[in-house]
There are 2 protein chains.
Amino acid sequence: MEMLTPNLNSEANIPVYQQLYHYIKNEIKDGRIPCNSKLPSKRKLSAHLNISQNTIQAAYDQLIEEGYIQSFEKKGFYVNKLDHLQSITLPSVTAATPVMNKKAEVIYDFSNHGVDFDAFPFVQWRKLSKEVINEYDKELLLLGDSLGYHQLRCALASYLHQSRGVNCSENQIVISSGTEMLFQSLIQLFDSSYVYGIENPGYEKLNQLFRGNRASFIPIRIDDRGMIPEEVEQCQPNVLCITPAHQFPSGQIMPINRRIRLLNWANHQPDRYIIEDDYDSEFKYSGKPIPALQGIDENEKVIYMGSLSKSISPTLRVSYMVLPPHLMYTFRKELSYQLCPVPIFEQKVLCRFMEEGYFERHLNKMRNIYKRKRELLVTSLQDMNPEIKIIGADAGLHLLIQLPNHMSEDQLILSALAKGVRVHQYSKYYPNQIALPDKPTILLGFAMITEKEIEAACKLLKDAWFST
Amino acid sequence: MEMLTPNLNSEANIPVYQQLYHYIKNEIKDGRIPCNSKLPSKRKLSAHLNISQNTIQAAYDQLIEEGYIQSFEKKGFYVNKLDHLQSITLPSVTAATPVMNKKAEVIYDFSNHGVDFDAFPFVQWRKLSKEVINEYDKELLLLGDSLGYHQLRCALASYLHQSRGVNCSENQIVISSGTEMLFQSLIQLFDSSYVYGIENPGYEKLNQLFRGNRASFIPIRIDDRGMIPEEVEQCQPNVLCITPAHQFPSGQIMPINRRIRLLNWANHQPDRYIIEDDYDSEFKYSGKPIPALQGIDENEKVIYMGSLSKSISPTLRVSYMVLPPHLMYTFRKELSYQLCPVPIFEQKVLCRFMEEGYFERHLNKMRNIYKRKRELLVTSLQDMNPEIKIIGADAGLHLLIQLPNHMSEDQLILSALAKGVRVHQYSKYYPNQIALPDKPTILLGFAMITEKEIEAACKLLKDAWFST
């Protein structure tokens with residue numbers, strides 16, 4: 001090839017060498033400069049284009065580095081052979097985003113996926129954040145312990161012991177982002193042949209999670225005291241996943257007898273474990289909090305899980321688990337490549353939030369707020385119709401109702417929605433839709449809705465459900 | 001049972017009803033109150049203990065709720081039968097933490113696991129954090145999009161397009177915590193029969209990760225242009241995991257020809273994909289940055305991955321991937337239960353950091369700092385001995401060296417350590433120790449070490465490696 005004549009503009013924003021580089025690259029890609037052809041020498045091109053040899057060198061260097069051309073000593077610059085990009089036809093996939101249901105106009109939502117908006121401790125959180133982001137703190141830039149920030153694990157161990165009766169040292173605690181991640185780690189930790197027994201009805205994500213991780217699971221029925229031991233014996237799982245403090249979604253508390261029976265089931269075989277998900281145990285409005293199952297486990301059978309999603313905010317994405325020592329040993333050995341996913345900034349803010357007493361005060365405040373909301377909701381429901389059956393212990397952030405009318409679950413939901421109130425499906429918590437409840441049941445969360453809204457919404461629900 | 005006589009103290013910190021509840025619970029647990037026995041009536045016990053019937057009711061309620069006793073209408077309160085907790089002998093496990101190697105006294109460390117300490121933008125980060133934690137911002141408490149904060153995905157899409165030539169919309173981006181998590185999602189997304197081809201040598205965690213997730217993988221050799229296409233053909237993986245911008249750890253840039261060949265390999269079959277891990281591409285010190293492989297993919301074959309671990313800090317734990325539209329469709333359908341693990345606070349701070357131009361300025365600053373460090377390290381090594389071979393492109397945060405002496409890798413590391421300098425193993429990046437390098441090779445990271453320390457450390461290394 002004799003010469004190149006690009007259209008270079010020395011006053012453009014892009015440096016001239018890059019303009020040249022782009023020009024040659026495109027000429028090569030489009031086949032206008034054939035492979036194996038020799039590029040003009042720097043000296044010649046410099047004279048031709050009236051730009052410095054350095055500029056040309058920079059463009060050529062870039063082309064060499066990207067493999068478009070090659071330099072041969074004392075011979076010059078040659079264009080490499082490029083394989084052509086083959087085009088294949090893509091399998092015809094409708095690549096559009098899955099269609100969302102058309103949104104009905106929702107005025108009030110009894111959602112159970114959040115916390116009270118007005119009570120978040122913004123002032124304290126802002127203050128602590130500002131204090132934590134300290135340029136003299138090298139810890140903020142150091143990849144710390146893969147289990148989570150040590151001081152936060154200490155604060156958690158002490159909180160869990162005092163408030164939940166959990167017996168553990170900070171060295172048994174793993175901090176993660178959401179209970180889903182903890183389950184994922186456990187699936188990796190346990191033998192791949194293990195079968196997980198999950199509550200039916202239960203937390204709706206568990207079956208997706210086990211399926212996604214290609215782990216076997218069996219939905220096991222619950223009665224009014226939690227998972228049924230006879231069914232556990234029959235289904236022969238290795239690991240039970242239960243919510244004894246406040247069964248989700250039925251809202252029952254597992255009595256001590258049932259707890260002991262399930263623990264004894266686990267004690268019978270070395271490959272049996274219980275995962276205790278203590279997701280909202282902070283909120284119990286009458287009586288004393290019921291200590292965690294972990295506290296009465298003497299044989300390293302219980303993995304305790306909790307999160308700050310209900311007690312502070314789900315957007316923190318902070319969860320934790322307490323592993324029995326022998327499992328922690330395996331965890332450290334096998335899963336040390338998993339780094340703690342929570343940013344160290346946030347772990348430090350949270351740690352101070354706990355250490356300086358803000359967490360305890362926040363919990364006390366929230367307990368009162370939610371207790372009041374629950375009472376108001378119960379009263380409003382009873383006022384609406386005294387025969388509405390309210391299901392679930394005086395605890396947590398949701399309750400269930402069954403209505404003395406003949407509407408189906410869908411009818412209840414749709415008629416409420418027609419009035420602008422979103423109430424929630426209970427049947428969706430039955431994995432594979434096994435053993436559905438005899439009576440249509442509705443779930444009402446009361447954390448995110450305000451007291452005023454509860455009253456207004458219940459008036460609308462009365463219209464929806466009881467105005468013939 | 002006739003009567004109970006606990007030792008109650010009305011002036012203690014614990015309320016009397018709780019003292020009574022604890023007393024009865026322990027009596028039941030220890031077998032001193034046998035099962036099926038009737039507890040004293042509230043009236044009788046109230047008279048006996050001289051406390052109100054309400055107090056006794058509260059204690060009994062708690063016991064009922066926990067399942068220790070039961071109330072039968074018009075009959076009274078009866079103790080339930082409790083299964084005894086069986087004790088089994090635990091398998092003898094040495095539950096101690098795995099023993100760490102005794103730490104030699106390290107004065108200087110050429111670590112490649114961090115960033116420059118002194119250059120983190122504390123002031124800006126603190127300011128943005130303070131601004132973001134705004135009590136009127138409901139978004140901070142709402143579980144947002146499971147793919148990550150929408151505005152941050154927009155900022156990333158625009159950054160990736162401008163600086164890396166990645167073509168994508170924000171709807172193709174998934175934000176996560178660390179590339180490990182992204183790989184974990186992909187393993188779930190792809191068919192479980194898929195075989196992953198990983199670079200040999202390569203990122204040390206990949207084989208642990210695939211093993212932990214029970215996915216099949218094959219280490220595939222690289223030459224000085226990256227993964228060898230002939231070996232790819234021979235090994236028949238489904239998904240290639242490569243680092244074309246700056247191969248880790250060898251430091252090479254994959255030329256365009258090789259890129260096209262690997263893309264063509266992927267184009268040949270519908271079940272072939274390439275995961276492009278662009279882990280430190282922000283740092284290239286001469287020539288123009290080389291655009292991402294994703295930018296020349298026309299057939300939805302490339303999954304692009306990146307993180308802010310090298311460009312801002314690994315402690316942020318923010319990573320992201322760009323999925324081709326048809327894979328994003330499946331991702332949304334199958335993995336929607338996975339919530340974005342990054343706290344919304346942090347996503348918002350980061351978003352502003354990018355939108356307000358801080359990120360670009362930070363990158364420019366860091367590029368200069370690291371470029372200077374690399375130049376100083378190269379000069380110091382050449383001064384040490386002009387025959388030291390320096391391997392790796394003028395890019396990234398680490399380089400490799402081979403020495404003109406006859407020490408083994410271990411000898412090089414240990415003799416350096418004896419002088420107080422930690423240099424790093426290269427052979428550990430060979431999964432299963434396949435096809436080890438012909439010559440002992442050492443990895444030197446230069447992000448965390450200061451310029452002064454580089455000079456001092458190189459003097460010590462000269463003593464360690466070239467005295468006598």
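In what follows, chains are A, B, ... by sequence order, proteins preceding strands, each numbered from 1.
- Counting heavy-atom pairs closer than 4.5 Å to chain A, the top residue among Glu334(B), Gln18(B), His113(B) is Gln18(B).
- Here Met181(B) contributes atom CE and Gln338(A) contributes atom CD; the two are 6.5 Å apart, rounded to the nearest 0.5 Å.
- Within the 4.5 angstrom heavy-atom criterion, no atom of Thr330(A) approaches chain B.
- The parts of Ile187(B) that come within reach of chain A are both its backbone and its side chain, each placing non-hydrogen atoms under 4.5 angstrom from that chain.
- Heavy-atom distances place no part of Asp61(B) under 4.5 Å from chain A, backbone and side chain included.
- Per-residue counts of heavy-atom pairs under 4.5 Å with chain A were compared for Lys25(B), Met328(B), Lys138(B); the largest is that of Lys138(B).
- Contact of the Val342(A) side chain with the Arg317(B) side chain is not registered, since no non-hydrogen atoms from C-beta on lie closer than 4.5 Å.
- Side-chain contact between Asn257(A) and Tyr68(B) is absent, with no heavy-atom pair separated by less than 4.5 Å.
- For Phe345(A), the part sitting under 4.5 Å from any heavy atom of chain B is the side chain, from C-beta outward, and nothing else.
- Chain A forms the most heavy-atom pairs under 4.5 Å with one residue out of Asn80(B), Ile64(B), Ile344(B), Leu209(B), and that residue is Leu209(B).
- Heavy atoms of Ser336(B) lying under 4.5 Å from chain A belong exclusively to its side chain.
- Of the two parts of Val318(B), neither the backbone nor the side chain holds a non-hydrogen atom closer than 4.5 Å to a non-hydrogen atom of chain A.
- Residue Gln347(A): no heavy atom, backbone or side chain, is found under 4.5 Å from chain B.
- Each of Asn213(A), Asp118(A), Ile253(A) has some count of heavy-atom pairs under 4.5 Å with chain B, and the biggest count is that of Asn213(A).
- If you measure heavy-atom distances from Gln184(A) to chain B, the contacts under 4.5 Å come from the side chain alone.
- Inspection of non-hydrogen atoms places Trp125(A), Arg126(A), Ser129(A), Lys130(A) of residues 124-131 of chain A under 4.5 Å from chain B.
- Contact record, Leu339(A) with Lys205(B): CG-NZ, 3.5 Å, taken as the closest heavy-atom pair.
- Among the candidates Cys340(B), Gly114(B), Pro314(B), the residue making the largest number of heavy-atom pairs closer than 4.5 Å to chain A is Pro314(B).
- In terms of non-hydrogen atom pairs under 4.5 Å with chain A, the most contact-rich of Leu189(B), Val115(B), Val132(B), Asn134(B) is Asn134(B).
- Between Glu346(B) and Glu346(A) there is no side-chain heavy-atom pair separated by less than 4.5 Å.
- Only the backbone of Asp116(B) comes within contact range of chain A, with at least one heavy atom under 4.5 Å from a heavy atom of that chain.
- Exactly one residue among Leu140(B), Leu142(B), Leu141(B) makes a side-chain contact (heavy atoms from CB on, under 4.5 Å) with Ser313(A). That residue is Leu141(B).
- Within the model, atoms CG of Asp137(B) and CZ of Phe117(A) stand 10.0 Å from one another, a figure rounded to the nearest 0.5 Å.
- Pairing each heavy atom of Pro255(B) with each of Gly67(A), the nearest pair is CB-CA, 3.6 Å.
- Only the side chain of Glu180(A) comes within contact range of chain B, with heavy atoms under 4.5 Å apart.
- Put simply, OH on Tyr337(B) and CG on Leu206(A) are 10.5 Å apart, with the number rounded to the nearest 0.5 Å.
- Contacts with chain B were tallied for Ser286(A), Ser177(A), Pro343(A); Pro343(A) has the most, counting heavy-atom pairs under 4.5 Å.
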